[in-house]
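Below, all heavy atoms of this structure are taken into account, side chains as well, without hydrogens, waters or symmetry copies. Each residue takes its place number in the sequence, starting with 1.
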Amino acid sequence: MSETDFSPLLQSAWAVRDRAYAPYSKFHVGAALLGSDGVIYQGCNVENLSYGLTLCAERSAVVQAVAAGCRSFTALVVVADTREPISPCGACRQVLAEFGDFPILMATRVTSEETTLATLLPRAKTGILDNA
């Protein structure tokens, strides 16, 4: 699909996955977001007893990037120890769409699947904000 070298992102996502805070679900997720500045921004899920306050790995990576001054991204990797690759949830898709379209690799330790943000969330910027 894309010509992105996901290898360093995969390594980074697996490393940060080990630092996830998931005492309730025991479901650890890691994300690595490649900024247009060439920096890899890591994120892991951080759960809360009040599940609605839980922060997903993908949004955690976006927050790290924005806090560092990066607002343009070229690739994302999301990893988890599951049978099939997991995809970003709807909230994460919408947050990621704020920053454009880029390739996404969803991976387990055995298999992976590549897609794009536009495929996962078509027409993300149309609707109420598109009232020209």
(request) May I ask you to test the C70-V39 pair for a side-chain heavy-atom distance under 4.5 Å? (result) no
(request) Measure the shortest side-chain to side-chain distance between C44 and H28 over non-hydrogen atoms and say whether it is less than 4.5 angstrom. (result) no
My understanding is that only residues two or more places apart in sequence, or in another chain, count here; which of them pass side-chain contact (heavy atoms from CB on, under 4.5 Å) with [X]?
| X | result |
| --- | --- |
| T82 | F27, A80, I86, T108 |
| L49 | Y24 |
| E113 | P85, M106 |
| A118 | D101, T116 |

(request) Give the minimum heavy-atom separation between A15 and Q42, together with the two atoms involved. (result) CB-NE2, 4.4 Å
(message) Which heavy atom of V16 sits nearest to which heavy atom of G30, and what is that distance?
(response) CG1-CA, 3.9 Å
(message) Other members of the hydrophobic cluster containing L34, with the 4.5 Å side-chain heavy-atom rule, please.
(response) F6, L9, L10, W14, I40, V77, V79, L105
(message) Tell me every residue that passes side chain to side chain donor-acceptor pair (under 3.5 Å) with S87, counting only those two or more places apart in sequence or in another chain.
(response) R93
(message) Checking S7 now: which residues fulfil side chain to side chain donor-acceptor pair (under 3.5 Å) with it, not counting sequence neighbours?
(response) D5
(request) May I have all residue pairs that pass ring pair (Phe, Tyr, Trp, His ring centres under 6.0 Å) and include part of residues 101-126, sequence neighbours excluded? (result) none
(request) Name all pairs fulfilling the ring pair (Phe, Tyr, Trp, His ring centres under 6.0 Å) condition that reach into residues 40-87, sequence neighbours left out, sorted by first residue then second. (result) F73-F99
(request) Determine which pairs satisfy side chain to side chain donor-acceptor pair (under 3.5 Å) with at least one residue from residues 53-74, sequence neighbours left out, and list them in order. (result) S36-S72
(request) Could you note down all residue pairs passing salt bridge (Lys or Arg N to Asp or Glu O under 4.0 Å) where residues 16-38 supplies at least one of them, sequence neighbours left out? (result) R17-D81
(message) Holding to salt bridge (Lys or Arg N to Asp or Glu O under 4.0 Å), I want the full list of residues that pass it with R83, two or more places apart in sequence or in another chain.
(response) none
